[in-house]
There are 2 protein chains.
Amino acid sequence: MKQYLKLDEWKIIEDKFNPEFNEITESIFSLGNGRMGQRGSFEETYTGKTLQGNYVAGVYYPDKTRVGWWKNGYPEYFAKVLNAANWNGLEITIDGELVDLHTSTINSFYRELNMKEGFILRQCDITLASGKSISIESIRLNSMADDESGVISYQIIPLNFSATISIKAFVDGDIKNKDSNYDEKFWDEVKVGASDHTSFVWSKTKKTGFEVFTGQKIELAVNGQKQAINAKTETKEKYSSLSYLVPTAQGEKLSITKFAVNLSSENHPAATLESRGIDYLNRICTKGFDTMKKEQAEAWEAKWAINDVIIKGDVSAQQGIRFNIFQLNQTYTGADDRLNIGPKGFTGEKYGGSTYWDTEAYCIPFYLATAPQNVSKNLLIYRWKQLDRAIENAGKLGFNQGAALYPMVTMNGEECHNEWEITFEEIHRNGAIAYAIKDYVDYTNDRKHLVDYGWEVLIGISRFWAQRVNWSENQQKYVMLGVTGPNEYENNVNNNWYTNYFAVWCLKYTLAVLQEIKSNFPEAAQEKLAKTNFRHEEIAQFEHIIQNMYFPRNEQKGIFLQQDGFLDKVIAPVDAIPSGQRPINQNWSWDRILRSCYIKQADVLQGMYFFETDFSKEEIERNYNFYEPLTVHESSLSPCVHNILAAKLGKEDKSYEFYTRAARLDLDDYNNDTEDGCHITSMAGTWMSIVKGFGGMMLVNNQLSFNPFLPSQWEEYAFKINFRSNQLAIRILNKGVEITNLSANPITLMVKGSSYTIPGESTKVI
Amino acid sequence: MKQYLKLDEWKIIEDKFNPEFNEITESIFSLGNGRMGQRGSFEETYTGKTLQGNYVAGVYYPDKTRVGWWKNGYPEYFAKVLNAANWNGLEITIDGELVDLHTSTINSFYRELNMKEGFILRQCDITLASGKSISIESIRLNSMADDESGVISYQIIPLNFSATISIKAFVDGDIKNKDSNYDEKFWDEVKVGASDHTSFVWSKTKKTGFEVFTGQKIELAVNGQKQAINAKTETKEKYSSLSYLVPTAQGEKLSITKFAVNLSSENHPAATLESRGIDYLNRICTKGFDTMKKEQAEAWEAKWAINDVIIKGDVSAQQGIRFNIFQLNQTYTGADDRLNIGPKGFTGEKYGGSTYWDTEAYCIPFYLATAPQNVSKNLLIYRWKQLDRAIENAGKLGFNQGAALYPMVTMNGEECHNEWEITFEEIHRNGAIAYAIKDYVDYTNDRKHLVDYGWEVLIGISRFWAQRVNWSENQQKYVMLGVTGPNEYENNVNNNWYTNYFAVWCLKYTLAVLQEIKSNFPEAAQEKLAKTNFRHEEIAQFEHIIQNMYFPRNEQKGIFLQQDGFLDKVIAPVDAIPSGQRPINQNWSWDRILRSCYIKQADVLQGMYFFETDFSKEEIERNYNFYEPLTVHESSLSPCVHNILAAKLGKEDKSYEFYTRAARLDLDDYNNDTEDGCHITSMAGTWMSIVKGFGGMMLVNNQLSFNPFLPSQWEEYAFKINFRSNQLAIRILNKGVEITNLSANPITLMVKGSSYTIPGESTKVI
């Protein structure tokens, strides 16, 4: 755990340069606007530890699979979000000496990620090796208002000298992914150009042929006076630059404003990229830095108006939740149904930037409650569009007749992952994708979605389960062999309770949806049943499985078993692991982890989280008390689910501990891996920790209910949510709950078991 | 299945060129002498399908591991036998036209692998594109008498023209492994040279620094008259050649004799390689081709005198077994205890050419019975020398106090394999390594081996098992979780019966050996007990496990279960697999294979083969009848073990079918993979099929017994074996068994349940 960043309610602050943590800070200070994003690296040359990362949403490369031993059915490639052209670049030279913090003496240093207004700011005074001292201030943002652009305001003041300062502003497209499987570069040049104050690199991805135009436009001023200095232009392969010589006297402020754009062929005809890119640059340049910064603050103000969670009395918790919400909103805005939420967002390359089940299990609840309805809907349509690929994917594994297995990792619907125990066996992901449909429809009441999109996905998923189980003559039950549950520290197990339970739930829900769409949308339903070749016998088949599924349990302990053989393991709490051997995934061989009782992330408990109302509180508590002490929480997805259950079980200390761990995972680098990027998808889990955990939010009998409690560390907390187009502001106080209905429509809520009808636009303190 | 090769008792014959099968033929026609070997490629240029492969025993390269997802404990590299300098090369040009069978019309073609005398012969008449016709005859051998050399006699007759024939004889060291993980070359040049009639390439492996000197010396003759023509010499990187222009009239026979040597720094000081190599070349050249060929025939005559298996009335079976015995003797002679038996020998690169459990489970019985005692002993000492590495290997997986886990694949004792389900979990290999000690000691009566070498290995292995099992509170038994048995079509299973049974056997045997060495070699035993830090409490620990181990079984079916969950699978015979879906490993995704009931190779039955006397015939038959119909035999190690059991159970048709499949696996390319090389280690299983299967050979109560039967296809069969320095010739006739005791000592045998004492040097017909 590292705690070098300062606490602040709205900012992440580093008030002293920590070069050893620079890659962590770069991850945390990442900027994005849903369309493009980048790590928080310095603009000027930095020869210390750094990972330049610039990303353009939806642009990927199918990197040839690397595998030790090929298994039938493995995908040919892993789709990777590409590290793209770097548009930050400023090379600053003073009398032949390069400005580089790594080789300078740093007299003062301050940087902040301003979450309220959406920019990063850096101020520092440094002394170069020659003894020349300068002051630097830079502000950078990725514009929410103009989401294919960013801007940098960069200022230098010579403190103890006068000189002609040389500035080379460049765009560098000669970029290699850190995680290239075969050490290849993924970009080809289409064109480079530089003239006057504008230059660009126009690149094209190998194989996939995505084209991206990255351009810059430069303005210079000294002491606020625009300078009309000619640029020396330079182009070379995948690179263009503009160089200026600016005479600057001691104490004068040299300002460089760098406007940048990233236009992709996903959003523009490729042939127009250059002309549109230049136009875009001219437009934002005319607008100017101050206007762009003001628009950015307004855009974030609008976001925070509905997204903010306010925690009083606990700055650390406040900063944590805001950081999570900020990054989620930077990563995905819901504007484009081709996009999804990569596990690292725009903060790093790891995990390929593709779509995981995290989206459905963790992110949808967040976007449902905090963003317009179409944001979640777009995420569902993303999967609906990829249904054919999911059916193909299942076909590769021997399933047929419309059975669909959604991929573990994907960019365009094809499976990308290549570990048999995950790719072929971590099939519970199908459950979360079905669950998200119910989640969305119940939450929004957009029931027509079921017939328009939901049915096709549900019947595909249910067919998969119906074929994936097999009848055990031995047990006289259906069993499910050879799966990996959410706890990836057990592989290829039989009858993972979570997966079996989810499979049966999918079958039940599919049959329920069948009834509903036949009743409510008879015509559309007939069309969809025909389209999906639905056969009436499938009802009986599903029902037979529902009635006869096997669930591993232990009566004596009153618990469900994570899998058939769980109790043959040596059961000892996590505390029994010798010190220095954690995290176990960095210290133990894989077989040792697998046969241990230690759990990476919620598994049986993940099921109890999803299906809370199916179980008594005592049942949940028995399972929680058995499994949580065996859980090492080595997945970022783990603490938040445990937080929710712990909060609901009234385990205040534990739930607060989990909350802190979830909320400050990256800020405090709990898992020692933030330098690879932030854990974006699990950030939605942090939000759930507050709203579903402490807030006790649930949807019961089609009605929203709250059973909140206030951790003793907090004076109060508050959040807003959307529910069926109504907006509620919820404030939890030690003396009760205050719910403001911000909509015109009256709304009925359950709070701590009692029902209240709140008129529109009114406040009720309960 | 391909049947393009002709049947012959002593030869493998291709009487028509089959270019589409050329890589298969190259594998089958491979030559070797234990020290070096090569695939049976053509000497002259061939632009068709070919894999040049030349190998030098013990010379390997640690190729950096390639893996999709790294798991803790994986090895850093995979040791690969290296494709080394090609010394066959002859580039023949006639009036500027290259001789190349691929671009010529083939008028006649014949080649044979002469197993009786150990060479390959090729005769062909071809017409070049220009219309020039030539006759070619080549004979090539890798000398058994001078085991660092080979020789080629290559003859050309111009049939319809006279010309000056240009011959470029070369050594090419610029060789790349087909299976290089990162497309790298593994050899550096030390020196190349060419002068007079001698040239060489002296290379050095990257990283490992093995040096190999590969040299050639050329003699020319026309119509038997030596020609004193000057060579034009050429050297370039990793390459040297000698070029000659030889005027040859129509009908004259131009003879090129190419002497070659391969000297390695494993056997000579590196600094002496060049001088010794040149001396070696001069020596064999003085000896001459005819003498070398005669010595080769004599060496093989001596081998066959003890190795031969004679089958009368079934040429196909006869050819098959001789091919297997021939290849085994080419691959490993037992002369060097640093060497072992790679699964492809000198016939290809696949599987890295390293040591697998095949050596102990399949090869040791063959070498025990057919080679001097020290050959098997050397194979045991090889593992004993690697014990420290096995202890380190176990340490990486969390075991301690001298627990040893031998690697799945190794060259120098370090683990090379990198699939967690194999590397970390296919731990039954430890059992076979212990079993080989018992096999060797009982067979040879070299009981002192137990204290000299055996104990240290056995206690290491037993300590591993004692730590690897765990006490299940649930079962009140010891269980073994997370293993892969010999059937690699189940991974990470609990309580694989074979592994559990073998573990307990190891513990029992270790305790028995402890008693024996304490009684018989008290002084040496004390020293070894101290060396291994043996603690008296270990006896009680081992005994507790022996008494309380859990074995999965089904009482109703009267069978042992391959693993805990086996009967939850859908059980259907192999015949139920839809046609076109076999082999399943090329048609089914891995998860589908894993949850199917289909078995790659003997698992429970492998245990019954090893421990036959522990079970009643009925027990073996019940398990055979249950498991064999579920077995797809997709490992070359499978048919022979099933053959042995089927023969002992009197299942004549099945056993004959398995024999044929085992014996002709490569000749008929059953598994469609002989082009990668031959299945060398399973060839020993073919020999066991006859001697242990049809011959019914077993060691019971320390006495050798035979319960032979004659497949109805055979008139008779015969083989010789060594047993405790005595040699027995066994001939099975339809009217009985004829056993000749070739030793001076009388020997007592059990034949079909009756005991006979056969005086020395006598024949007894039973």
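Computed over heavy atoms, backbone and side chain alike; hydrogens, waters and symmetry mates excluded. Given the structure is predicted, the values throughout are model-derived calculations rather than measurements.
Contact record, B/Gly398 with A/Arg592: CA-NH1, 3.7 Å, taken as the closest heavy-atom pair.
The contact between B/Lys71 and chain A is made entirely by side chain atoms (from C-beta outward), counting heavy-atom distances below 4.5 Å. Heavy atoms of B/Val479 lying under 4.5 Å from chain A belong exclusively to its side chain. Contacts of B/Lys477 with chain A are absent, with no heavy-atom separation under 4.5 Å from either backbone or side chain. Looking at B/Asn585, only its backbone comes within 4.5 Å of chain A, counting heavy atoms on both sides. The contact between B/Phe399 and chain A is made entirely by side chain atoms (from C-beta outward), counting heavy-atom distances below 4.5 Å. Residue contact with chain A, scored on non-hydrogen atoms closer than 4.5 Å, is absent for B/Glu490. The parts of B/Leu397 that come within reach of chain A are both its backbone and its side chain, each placing non-hydrogen atoms under 4.5 angstrom from that chain. At a 4.5 Å heavy-atom cutoff, A/Tyr550 makes no contact with chain B through either its backbone or its side chain. If you measure heavy-atom distances from B/Asp564 to chain A, the contacts under 4.5 Å come from the side chain alone.
Of the possible donor and acceptor atoms, none in the side chain of B/Asn494 sits under 3.5 Å from a partner among the backbone N and O of A/Gly565. Of the possible donor and acceptor atoms, none in the side chain of A/Asp568 sits under 3.5 Å from a partner among the backbone N and O of B/Ser472.
Ranked by heavy-atom pairs shorter than 4.5 Å toward chain B, the options A/Ile422, A/Asn492, A/Thr423 are led by A/Asn492. Counting heavy-atom pairs under 4.5 Å between each of B/Asn491, B/Asn587, B/Asn495 and chain A puts B/Asn491 at the top. For the set B/Glu473, B/His417, B/Gln556, B/Gln586, the entry with the most heavy-atom pairs within less than 4.5 Å of chain A is B/His417.
In this structure, CD in B/Gln475 is found 10.0 Å from CG in A/Leu567, a value given to the nearest 0.5 Å. Atoms CD1 and CG, on B/Ile427 and A/Asp591 in that order, are 8.0 Å from each other to the nearest 0.5 Å. Atom CG of residue A/Asn393 and atom OG of residue B/Ser589 lie 9.5 Å apart, to the nearest 0.5 angstrom. Atom-to-atom distance recorded for A/Arg595:CZ and B/Asn470:CG is 8.0 Å, nearest 0.5 angstrom.
The only member of B/Trp590, B/Trp420, B/Trp69 that meets side-chain hydrogen bond (donor to acceptor under 3.5 Å, both in side chains) when paired with A/Glu421 is B/Trp420.
Within 6.0 Å of NZ in B/Lys178 there are more than 12 heavy atoms belonging to other residues, nucleotides or ligands.
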